[in-house]
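A quick write-up on the structure given underneath.
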Amino acid sequence: MNYDHQQVEGKILSEHKKNNDFFCDVSKSNKKFYSLAMFPYPSGNAHMGHVLVYTLSDVKARFKKLKGFEVLHPMGWDAFGLPAENAAIKHKVRPDSWTKSNIHKMKNEQLNGEGWSFDWDKELNTSSPDYYRWTQWLFLEMLKANMAYKKAGYVNWCPIDQTVLANEQVINGHCYRDGAVVEKRLMDQWFFKITAYAPKLWDDLEKLIHWAPEAVAVQRNWINKNIGTNIDFSVNDLNDTIRVFTTRADTLFGVCAVVIAPEHPLVAKILSKSPSPEIKSYVESALKKSQVERMQSKEKTGIKTSVKCQHPFPEFAPEKEVSVWIGDYVIGDYGTGAVMCVPGHDTRDFEFAQKFKLPVYEVIVPNKEYAQGNLKEAYTEFGTLINSGPYSELRSQTAIEKITHDLVKKGHGEATTTFQLRDWSVGRQRFWGCPIPIIYCQKCGTVPVPEKDLPVELPIARDSDMEDGVLNLRQFHDFVHTKCPHCHGPAKRETDTLDTFLCSSWYAFRFIDNKNTKRPFDSNVVNSWMPIDFYVGGLEHAAQHMIYFRFITKFFKDRGLVNFDEPVEYFFCNGMVRQGGAKMSKSKGNVVVPTEIINTYGGDALRFYILSDTPAELDRDWDDKGIKSKQEFIKKNFNNLSNYLDTVKHIIPQRGDLLKFKHQELLFDLFGGLSQLEEQLEKNLFNNAVAKVHELSNSLLKTINTLKDLTESDHGTLKSLIADYLVAIGILLPFTAEMLLKEYFGQERSLYKSTWPMMDNRYLTRDFISIAVQINGKKRALIEIKKNSSEAEALAVAFNDVDVKKNIEGKEVLKKIYVPGKIINIVIKG
RNA sequence: GCCCAGGUGGCGAAAUUGGCAGACGCACCAGACUUAGGAUCUGGCGCCGUAAGGCUUGGAGGUUCAAGUCCUCUCCUGGGCACCA
C-alpha cells in the first residue's frame, strides 16, 4: 500500500463517523479524564490557533484513553456575540442563520480534517434555547442569592459598538474589539457581585499549582488585593466624614489635603451647601472625560473646595485641619474614592502638591542618620518615622499597625482590605445574546421571570428589523410587551442581553450532562467529572473567562450545586500562532488556512508539525517550510512499514520470547523510547514527544531495512512490536497509525479502543553503559562500564584509559569522584 | 512603576535531583542513484584552529570535585497590569 494522505484520512474519518468511536459514557467516572479546549466562537473561519489548541486537547485525550481512562473530550459553540450581529447588519442575514451556517461549515469542513477525537454527542450551542434557558436560570439564581443587582453607575461605553463594556474589555481606555476610545456614561446596569467572592478568588489562587504561572499572575494582577487602613476625616461643616483608604497609614502625619474623586457622593453635598460654578464645571468636565483622557493628561488637575476636614490626630498633625480637594486622579470606584494627600511619600500626591503649591511634610526617612531636607521627589519606601508625634522613630511596618490600632480605638478608622476587582457588569445593549429574564411592571416593579416560563426566547430578527443599522431588543414590540407574572397587568421585558462571558462561564458543566431538560446539570455526575483535568486555551482568556469560570464555580458550590470550588485542575496556556511576527489576521492578509494545508499535506502532517519544535506554550511564527518534511517522514514511515507488513501477511503477530529475538538492539530502542514517550506525553512535552517518534521510527525502519535470516517467530515478534509502536505513535499520527493497524492487524482494531503497550522492563536499561571521565571538571574520556560497577571497578577502568593516563601522567591525584551511572571526576594538582 | 515569561549553533530547539551541552528536526555541504530532482539513500555539520588543542548556554561575580541548571548583581526581548492610594 502506498501512502496517499487523502485516501487514508478519508477512510479513517468515515470510519470514525460510522462507529461513533469517541463516545464518552459519563456514568463510568471512577477513572475519568476531562480534556477540554476552550470552545470556539463560530466565526466561520478556523485558523491555526484552533488547530493547535484542539490538537493539544486531542493528544491528551487519546493518551489518557490508552492509559485506561474514560475520557470526555467534548466540543461546542460559543455562539452568541457581536460578529453575528454585525454580519447581520452588513449582509442582511439573520444572526441565527448566519451562526447556524458557520457552525455547519466549521464542524463539517474546517474542524473535521484533523480527526480530533471529539464526542459530538455532547455538543452544545450557547445560542440555542435549551442552553440559554439555563443561562437565564443562572441569572435568576444570582438574583435569589442577592448577587445580582441593578444600579445606575458610570459604565464604559463603546461608541462604535453602541454598547457597555466590562472593565475587562477596556484595554488602556480603548475598546478591546475595535479600539474606539471608551466613554463614561451613566446608565442603569445589571451587575453580578463578583467582589463578594474577591477574597476567595484571591486566596484560592494558591490552589492553582497546576496552572500556567502566567495565568495565575494575570488573575493576581486583576484581583489585586491591598491590605490597608480606612481613615476617617470628619467634615464638621457638613456634619459628615470622609473616609480615605491607604496602605501607608504610617504617613498619616504628612497629610496636607484630602482629595476626593469627582464621582464621590460628598461632591453633591459640598455643592449644595456652597454652590460654586467653578467646582461644578470641573466636576462635570472630569466626569465627561473618558478614562484614557483622565489617564493621558500628564498634569494633575483638581480644585480646592471651601470645605475643611479634621485630622484624626490633630494634636500631632502639622495641620489640624486640611482642605478637601476634588481631583480626577482619584478613582471613584477604588478603595473609598478618596485619598489623603501625602506629597512627601507618594509620587502622585507629590505631583498634585507641586501643581497646587501645597506644603510637603517629610515624615519618613530611610534611617535615623538621614539628614532631612527638601524632598526633590516623593520617598515611597518604608523607613523610620519622624515628625509623627508619639509614633516618631518607629519603623513603617510597626507604625502602620500601631496607628491603625489607635485609630480603631478612637473610632476614626479600621483595618481593611480592598480589591481592584470590580463587580461584573453583565448587561449588553445588543440583540444577539441571552435575554435577561426580567420583567418591569409599573405596579410590581422589577419582577424576575418565573422559572417555569424559561426560556425567555430571543425573537427572530427579520430583515426589516435591521434597517437602521442597529439591532436591539427594544425594536421587537411583541417581545417587549408582556404581562406581569404577578399581577398580570401590562409590563415590559428587559431588553438588555447577557454578556457572552456568562454563557461561557458554565459551559464546561453542561457538557457533562448536555441533554438534561430538568436542570442545568446533574450535580452528582458533574461532581464526578470535574474539576477539568486538562484545560487548554490562550492566555488572552486568563483574565476574563477564567475569573468568571472560577467565580461561577464558587457560586455553584455555595448554592450546593457542586462540591468543588475550583473548576480547573490543570490549565495549559497555549502560545499564539503568529505570521511574520504579527498575529494572523484577515486584514493583514497573512492567514494560513488549515483546510488548505490539510488538502496539500494531510491532517497527520499538520498535526505532527504543529506539535513539533516549538513548545506548545510558547508563541510561534508560522512557517510552512517545515511541514513538507513532516509529510515526507510520514510517507516514508508508512510505506516502509506497509512494504514489510505486506511480506508477512500470513504471520500471526506474537510477542513471544523476546530474548530469542534476533534484533535485540531494537528492543532497547523501542521499549526505552516508548517509556520516554509516555513520560513526555504525561508531562505535556509535546515537541519532545514528536522528536521521540522520529527516533522510534528511525530505529524501527533501520531494522526493517536490514533484516536477514529471520525465523517465523522473529517475524511474529516484530509484527507484534510494530502493532505496539503504531498504537503509541497513533497519539501523534492518528490517521497513519489507524490505517496501518486496521489494514494489517484486523479491520476491527481501533486506536481509541487500544491500550498503551506493555513494557518489557528487561529492555529499559542496558548492562553496559558509557560514562564520561572528567579531569579537573573537563571531559577527557568516555569509558564503557558495567551498569552496577562498584567505585573501585569503575575507577580501575578509568585509570586504564589511554586518554586518562595521558592527562594525569606525573601529576598528583587529589580526589576521585564516582557518581554511579553518571560520571567520574578526577581532581589532580596543577 | 509593578507582575509574568523568555535569552543555548545559521534556524526551531533538547538537556530527570547540579553530572558527557546541542537529542530530534529544518537549512546547508559532500557523495551515491538518476535523463532530471523540489524524489530517495549515505556521510558531514556549535565556534576558532591544518592539527594538537582551546573556547562556548545574554553579561559580571559567587558556591561546588562538577553550573545552561543553585545564589547575588546586571543587560536585553516579549507579554500582562497600571494615577488602584
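Keep in mind that what you see is a predicted model, and the values were worked out from it rather than measured.
Within 4.0 Å (heavy atoms only), Lys778(A) reaches sugar-phosphate atoms of the nucleic acid but no base atom. Heavy atoms of Ser612(A) sit nowhere under 4.0 angstrom from any nucleic acid atom. Nucleic acid contact class of Val693(A) (heavy atoms, under 4.0 Å, all strands): none. Within 4.0 Å (heavy atoms only), Ser770(A) reaches at least one base atom of the nucleic acid. Contact annotation for Lys636(A): backbone-only contact, meaning every heavy-atom pair under 4.0 Å involves sugar-phosphate atoms and none involves a base. If you check every strand for non-hydrogen atoms under 4.0 Å, Glu214(A) touches sugar and phosphate atoms only. Residue contacts for Lys225(A): at a heavy-atom cut-off of 4.0 Å it reaches no nucleic acid atom on any strand shown.
Rounding to whole angstrom units, CD of residue Glu351(A) and C1' of G1(B) are separated by 12 Å. When the C1' atom of C41(B) is taken as reference, atom CG of Asn640(A) falls 11 Å away, rounded to whole Å. Across the protein-nucleic acid pair, Ile627(A) atom CD1 and G38(B) atom C1' stand 16 Å apart, rounded to whole Å.
For Leu539(A) and Ala215(A), each mapped to the nucleotide of RNA chain B holding its nearest heavy atom, the one lying further toward the 5' end belongs to Ala215(A). Place Gly335(A) and Lys628(A) on RNA chain B by their nearest nucleotides, and Lys628(A) ends up nearer the 5' end.
With sequence neighbours excluded, the residues satisfying ring pair (Phe, Tyr, Trp, His ring centres under 6.0 Å) with Trp325(A) are Phe352(A), Phe356(A). For the ring pair (Phe, Tyr, Trp, His ring centres under 6.0 Å) test, residues two or more places apart in sequence or in another chain that qualify with His694(A) are Phe608(A), Phe633(A). For Phe668(A), the side chain to side chain contact (heavy atoms under 4.5 Å, CB included) test picks out Glu665(A), Tyr763(A), Arg766(A), with sequence neighbours left out.
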Below 3.5 Å between N/O atoms, which protein atoms pair up with nucleotides 65-69 of chain B? Just atom names and distances, please.
from	atom 1	to	atom 2	distance (Å)
C65(B)	O2'	Asn825(A)	ND2	3.0
C65(B)	O2	Asn825(A)	ND2	2.8

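Using P as the reference atom, G10(B) and G59(B) are 14 Å apart when rounded to the nearest Å.
For RNA chain B, each stem of at least three Watson-Crick or G-U pairs (distances under 3.5 Å) is given as range with range: B:1-7 with B:75-81, B:10-12 with B:24-26, B:28-32 with B:40-44, B:46-48 with B:53-55, B:58-62 with B:70-74.
At least one cation-pi condition fails for Lys635(A) and Tyr3(A): the charged atom is not both under 6.0 angstrom from the six-membered ring centre and inside a 45 degree cone around its axis.
Using a 90° window around 0 for the glycosidic torsion, G18(B) falls outside it and is classed as anti.
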*asked:* Across nucleotides 23-34 of chain B, 5' to 3', mark each nucleotide with B, S or - according to how protein heavy atoms within less than 4.0 Å reach it.
replied: BSSS--------
